[in-house]
Amino acid sequence: DTAVSQTPKYLVTQMGNDKSIKCEQNLGHDTMYWYKQDSKKFLKIMFSYNNKELIINETVPNRFSPKSPDKAHLNLHINSLELGDSAVYFCASSQPARGGEKLFFGSGTQLSVL
Amino acid sequence: GENVEQHPSTLSVQEGDSAVIKCTYSDSASNYFPWYKQELGKRPQLIIDIRSNVGEKKDQRIAVTLNKTAKHFSLHITETQPEDSAVYFCAAKRDQAGTALIFGKGTTLSVSS
């Protein structure tokens, strides 16, 4: 009954490959996010979707493409992976409309690009 | 956009001492200020939050204070224990659609026994 689950937990791949990370939440939240945590632990917002609609798109290379098939799912596809993409990617959800600003994070996907 | 500065980046204390972490934010319209704790290899988890209509909030050994005029907020941990060792993040956000939590760069707290 995990609230926010993401797969895979670990992803090791070669430069130039394409990979996807999947995220699902069972909290009934309308808003989902992708955050990137680099080697210095900095948590940076990448994207946010509200009810399947993209509402935040920070300065992220267009090799990163989020997709939200429904409000419970938010996936992240990365094309032509580069060494600098190595990081931990966290999915999160919240329900701001009901005053619920609290972010619920998934367990993270550690991406290593070799 | 919002920018959150956090200090110190590392903090070492003896068990039983107090620890204080400070943050400043730039967007005067921000009105929600949470603190997250991240243990090694785990996800960030909310430990306490405060809204702009409150100056101080306490939950057992942790407390948060907010000075909206100065755009400062702080986390206070009293009677620290080894299990408090973790990375702590402050964050800020407007209560407005289309905004996301903006995090400080984190403070690594080490509590030695």
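Chain identifiers are assigned alphabetically (A, B, ...) following the order of the sequence lines, protein sequences preceding nucleic acid strands; residue numbering begins at 1 within each chain. The structure presented is a predicted model; accordingly, all values stated were derived computationally and were not measured.
At a 4.5 Å heavy-atom cutoff, B/Pro34 makes no contact with chain A through either its backbone or its side chain. Using a 4.5 Å cut-off between heavy atoms, B/Lys42 touches chain A through its backbone atoms (N, CA, C, O) alone. Looking at B/Gln45, there are no atoms closer than 4.5 Å to chain A (heavy atoms on both sides), in backbone or side chain. Neither the backbone nor the side chain of A/Val88 comes within contact range of chain B; no heavy atom of the residue lies under 4.5 Å from a heavy atom of that chain. Proximity to chain A is limited to the side chain of B/Leu46, based on heavy atoms less than 4.5 angstrom apart. Contacts of B/Ser9 with chain A are absent, with no heavy-atom separation under 4.5 Å from either backbone or side chain.
Placement of A/Val4 and A/Leu76 in two distinct hydrophobic clusters is found when ILVMFWY residues are connected by side-chain heavy-atom separations under 4.5 Å, directly or transitively. Under the 4.5 Å side-chain contact rule for hydrophobic residues, A/Phe105 and A/Tyr89 do not share a cluster. Cluster membership for B/Val54 and B/Ile62, using ILVMFWY side-chain heavy atoms within less than 4.5 angstrom, is shared. Under a hydrophobic clustering in which Ile, Leu, Val, Met, Phe, Trp and Tyr are joined whenever their side-chain heavy atoms come within less than 4.5 Å, directly or via other members, B/Phe103 and A/Trp34 fall into different clusters. By the rule that hydrophobic residues join a cluster once side-chain heavy atoms approach within less than 4.5 Å of another member, B/Val20 and B/Leu11 end up as members of separate clusters.
Each of A/Tyr33, A/Phe104, A/Tyr35, A/Phe42 has some count of heavy-atom pairs under 4.5 Å with chain B, and the biggest count is that of A/Tyr35. Per-residue counts of heavy-atom pairs under 4.5 Å with chain A were compared for B/Gly106, B/Gly1, B/Pro44; the largest is that of B/Pro44.
A donor-acceptor distance shorter than 3.5 angstrom exists from the side chain of B/Tyr36 to the backbone of A/Leu103, with no hydrogens or angles considered.
Taking non-hydrogen atoms and a 4.5 Å limit, the residue list of residues 48-72 of chain A in contact with chain B, ordered by number, reads A/Ile55, A/Ile56. Listed in order of number, the residues of residues 106-114 of chain A that approach chain B to under 4.5 Å between heavy atoms are A/Gly106, A/Ser107.
Atom-to-atom distance recorded for A/Gln37:CD and B/Gln38:CD is 4.0 Å, nearest 0.5 angstrom. Here the OG1-NZ distance, from B/Thr108 to A/Lys40, works out to 12.5 Å after rounding to the nearest 0.5 Å.
Counting non-hydrogen atoms of other residues, nucleotides and ligands closer than 6.0 Å to CD of B/Gln60 gives a total of 12 or fewer. Atom NZ of B/Lys68 has more than 12 neighbouring heavy atoms from other residues, nucleotides or ligands inside a 6.0 Å radius.
Within the 4.5 Å cutoff, side-chain heavy atoms of A/Ile45 are placed close to those of B/Ile102. In this structure the side chain of A/Lys102 reaches within 4.5 angstrom of the side chain of B/Tyr32, judged on heavy atoms.
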